[in-house]
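Right, one structure below, let's go through it.
We count ligands from 1, going down the list as the structure has it; atoms in each ligand are counted the same way. Atoms considered below: every heavy atom in the structure, side chains included; atoms not considered: hydrogens, waters and symmetry mates.
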Amino acid sequence: MRTKTTALPSEDKRWRIVMATMRKHGFAPDALIETLHSAQEAFGYLDDVALRYAADSLGIPISRVYGVATFYNLFTLKPQGEHTCVVCLGTACYIKGGPQILSALEQATGIKRGETTPDKQVSLVVARCLGTCGLAPACVFDGDVAGKIEPSQAVARIKEWETT
Ligand code: FES
């Protein structure tokens, strides 16, 4: 069992959820799938930062982590869009209007969850809990958490990207 913990990649509270998962499993290498699952639930997808964090923390070669992340269909690697909007559909956000936000965004962009607009500007992603349930319903726009957000405000944020 490893006892040394790797520094969190950033201040983003979601990393603490991922870290808690690894700690629960004693930072053992066989916690990899659980760890990736937890990162994907928190961020909506797995990117290089998340994969490296898991590799370093669990003492697994990064190549193996990439291998696992790309082998299983349940894992989604970072979407291709210039901008990424993550909509939380965890229990608290679901109850407070997450699905309405998602459908407003799908309508505004013409794409479905998990897709990227044809011009590669916006990717729409769904997460299962961003770790900020007190702010439900919550979304993340390019790493910026927005809480207690209305569907129209979420659409406005996406539209801002079109003009920048
Ligand atoms: S359920 Fe959305 S932040 Fe926890």
Side-chain angles (χ1 to χ4, degrees), residues 5-27 31-54 57-58 65 68-69 72-117 121-162:
T5 55
T6 310
L8 301 183
S10 75
E11 298 280 299
D12 194 321
K13 282 191 187 145
R14 288 175 284 176
W15 292 117
R16 293 197 209 150
I17 301 175
V18 181
M19 208 266 279
T21 302
M22 292 193 283
R23 190 170 41 212
K24 198 171 92 192
H25 292 274
F27 293 95
L32 178 60
I33 289 188
E34 288 279 357
T35 303
L36 296 182
H37 203 55
S38 160
Q40 179 159 300
E41 288 203 335
F43 292 90
Y45 56 85
L46 299 171
D47 64 4
D48 189 61
V49 175
L51 298 180
R52 279 179 198 281
Y53 177 53
S57 303
L58 301 175
V65 175
V68 169
Y72 292 99
N73 287 337
L74 70 143
F75 295 126
T76 310
L77 294 183
K78 187 174 167 41
Q80 301 299 311
E82 173 91 0
H83 302 282
T84 306
C85 172
V86 184
V87 180
C88 183
L89 289 185
T91 308
C93 292
Y94 194 93
I95 292 169
K96 298 243 170 134
Q100 287 80 350
I101 295 174
L102 180 63
S103 65
L105 289 171
E106 286 179 338
Q107 213 170 353
T109 54
I111 55 171
K112 297 278 173 211
R113 62 161 86 179
E115 293 181 350
T116 299
T117 51
Q121 277 300 301
V122 181
S123 293
L124 212 48
V125 174
V126 163
R128 295 269 156 226
C129 181
L130 304 169
T132 55
C133 305
L135 294 177
C139 294
V140 182
F141 298 91
D142 280 347
D144 252 1
V145 179
K148 299 190 191 293
I149 188 165
E150 297 282 335
S152 59
Q153 293 170 315
V155 170
R157 290 287 293 259
I158 298 262
K159 296 282 172 199
E160 273 172 35
W161 286 336
E162 286 174 4

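Counting heavy atoms of neighbouring residues, nucleotides and ligands inside a 6.0 Å radius, atom CD of Q153 exceeds 12 of them.
The number of protein N, O or S atoms lying under 2.8 Å from atom 4 (Fe) of ligand 1 is 2.
Annotation: side chain to side chain donor-acceptor pair (under 3.5 Å) contacts involving residues 34-43, sequence neighbours excluded, comprise T21-S38.
None of I111, L124, V87 except one satisfies the side chain to side chain contact (heavy atoms under 4.5 Å, CB included) rule with E106; the exception is L124.
At least one donor-acceptor pair closer than 3.5 Å links the side chain of T117 to the backbone N or O of V122.
Ring geometry for H83 against W161 counts as parallel: the plane angle stays under 30°, on a 0 to 90° scale with 60° as the upper cut.
Listed here is the closest heavy atom pair of Y53 and A7: CE1-O, 3.6 Å.
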